[in-house]
Visitor: 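First the structure, which I've put down as structure tokens, then a few questions once you've had a look.
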Amino acid sequence: MHELAIAESIVNIALREIEQKSITTVQSAGVRIGAISGVNPSALEFSFEAIIVNTPLSGAKLKVEEIPAGGICRACKTAFEVTEFIFVCPHCFSGDLEINQGQELDIAYLETE
Amino acid sequence: MTQKIEIEKKILSENDRLAAGIRRLLKDKKIVSLNLVSSPGSGKTTLLEKTLVALKNEIKMALIAGDVQTENDANRLIRAGGKIVLPIVTGGACHLDAKMINEALGKMNLDGVQLLFIENVGNLVCPSSYDLGEDMKVTVISTTEGDDKPLKYPAMFRRSSVMVINKTDLLGYSDFDMALVKNNALQINGNLKIFELSCRTGIGLEVWYNWLKSLV
């Protein structure tokens, strides 16, 4: 359950932003969570909602954009989505892949009034 | 009117900044660092005890032992001859982070140290997200666990450079399939370096020691 620690990191970044830009009300915080980031989006939402009570983020929603894992095969240059964590090219079965998405653990934006 | 304020930052940017600092520090001091991760009970501490005894005259080692509660692991490593051992009791946290490692390193005398082991909290999920500034993650599993473990915890196996399969002396006493576990792990990470060994009988440990010697 490290989602609680991840949620704390999101809140810390958001609170700094709120202070620097004198934001009053935050409606939502937008994050991107990659499929192979090791973070569970629903546990993250739960943790976020639990720890923002009585902070300037109180009432804000966490908007999670889930990013599928994907990459390009270095052998045959096919681009593909990685499903079920099988890191093998579906076209030529090579394991020599360049994974270019799915590791995301980013805070993208805040929506304010 | 809703207004969108762009932030575009890595959630763990603070951890990653500290980890980068640790990586620089260890590189400057020419210290190779391994972050050992596993489920509870796979044998991380036993592997380190054996390594401390076997290589005490050849490699100067430092160890950070993370545990949720108790300093038992650190005490075992000291009893095994570890001279530079620092416990981190996380007090409930399920993983070590770069801040904890940074603080621990500040308390250690690293002069002449060639190899740093970080024994993470026994957990194959949470530690995968946290860069500790290590050179490599080493995942330890054992033959009393399921051979589908790589499939259940793919993020960790994906991010590891090495997989140690411990307790090979118990092969045949469980349904653990050695060929299958390797196949499962390599499907997730084709670059994994794999060691098969038994800390109890010592079989396979020499290969592990030789690899450690080749790193420093």
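Computed from a predicted structure; not experimentally measured.
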Visitor: Do you know which of G95(A), A108(A), G30(A), G38(A) has the most heavy-atom pairs with chain B at a distance under 4.5 angstrom?
Guide: A108(A)

Visitor: CG of D28(B): more than 12 outside heavy atoms within 6.0 angstrom?
Guide: yes

Visitor: I'd like to know which of A93(B), G190(B), P154(B) tops the heavy-atom pair count under 4.5 Å against chain A.
Guide: P154(B)

Visitor: Can you confirm whether K213(B) is buried at NZ, in the sense that more than 12 heavy atoms of other residues, nucleotides or ligands lie under 6.0 Å from that atom?
Guide: yes

Visitor: Are more than 12 heavy atoms from other residues, nucleotides or ligands located less than 6.0 Å from atom CZ of F80(A)?
Guide: yes

Visitor: Is L4(A) close to chain B through its backbone or its side chain, or both, or neither, when contacts mean heavy atoms under 4.5 Å?
Guide: neither

Visitor: Please identify, among C126(B), A155(B), P127(B), the residue contributing the most non-hydrogen atom pairs under 4.5 Å to chain A.
Guide: C126(B)

Visitor: Report the donor-acceptor contacts between chain B and chain A below 3.5 Å as a table, one pair per row.
Guide:
from: T2(B); atom 1: OG1; to: Q27(A); atom 2: OE1; distance (Å): 3.0
from: Q3(B); atom 1: N; to: T112(A); atom 2: O; distance (Å): 2.7
from: Q3(B); atom 1: O; to: T112(A); atom 2: N; distance (Å): 2.7
from: Q3(B); atom 1: O; to: T112(A); atom 2: OG1; distance (Å): 3.4
from: I5(B); atom 1: N; to: L110(A); atom 2: O; distance (Å): 2.7
from: I5(B); atom 1: O; to: L110(A); atom 2: N; distance (Å): 2.8
from: I7(B); atom 1: N; to: A108(A); atom 2: O; distance (Å): 2.7
from: E8(B); atom 1: N; to: I107(A); atom 2: O; distance (Å): 3.1
from: E8(B); atom 1: N; to: A108(A); atom 2: O; distance (Å): 3.0
from: E8(B); atom 1: OE1; to: R32(A); atom 2: NH2; distance (Å): 2.6
from: E8(B); atom 1: OE2; to: R32(A); atom 2: NH1; distance (Å): 3.4
from: K9(B); atom 1: N; to: I107(A); atom 2: O; distance (Å): 2.9
from: K9(B); atom 1: O; to: I107(A); atom 2: N; distance (Å): 2.7
from: I11(B); atom 1: N; to: L105(A); atom 2: O; distance (Å): 2.8
from: S129(B); atom 1: OG; to: H2(A); atom 2: NE2; distance (Å): 3.0
from: S129(B); atom 1: OG; to: S37(A); atom 2: O; distance (Å): 3.2
from: R159(B); atom 1: NH2; to: I36(A); atom 2: O; distance (Å): 3.2
from: R159(B); atom 1: NH2; to: Q103(A); atom 2: OE1; distance (Å): 2.6
from: Q187(B); atom 1: O; to: F87(A); atom 2: N; distance (Å): 2.9

Visitor: With a 4.5 angstrom heavy-atom cut-off, could you sort out which part of I18(A) is near chain B: side chain, backbone, both or neither?
Guide: neither

Visitor: Would you give the length of the straight line joining atom CG of L12(B) to atom CG of L105(A), rounded to the nearest 0.5 angstrom?
Guide: 5.0 Å

Visitor: What distance separates I5(B) CD1 from L110(A) CG, expressed to the nearest 0.5 Å?
Guide: 6.0 Å

Visitor: Could you tell me which portion of V31(A) (side chain, backbone, both or neither) has an atom closer than 4.5 angstrom to a non-hydrogen atom of chain B?
Guide: side chain

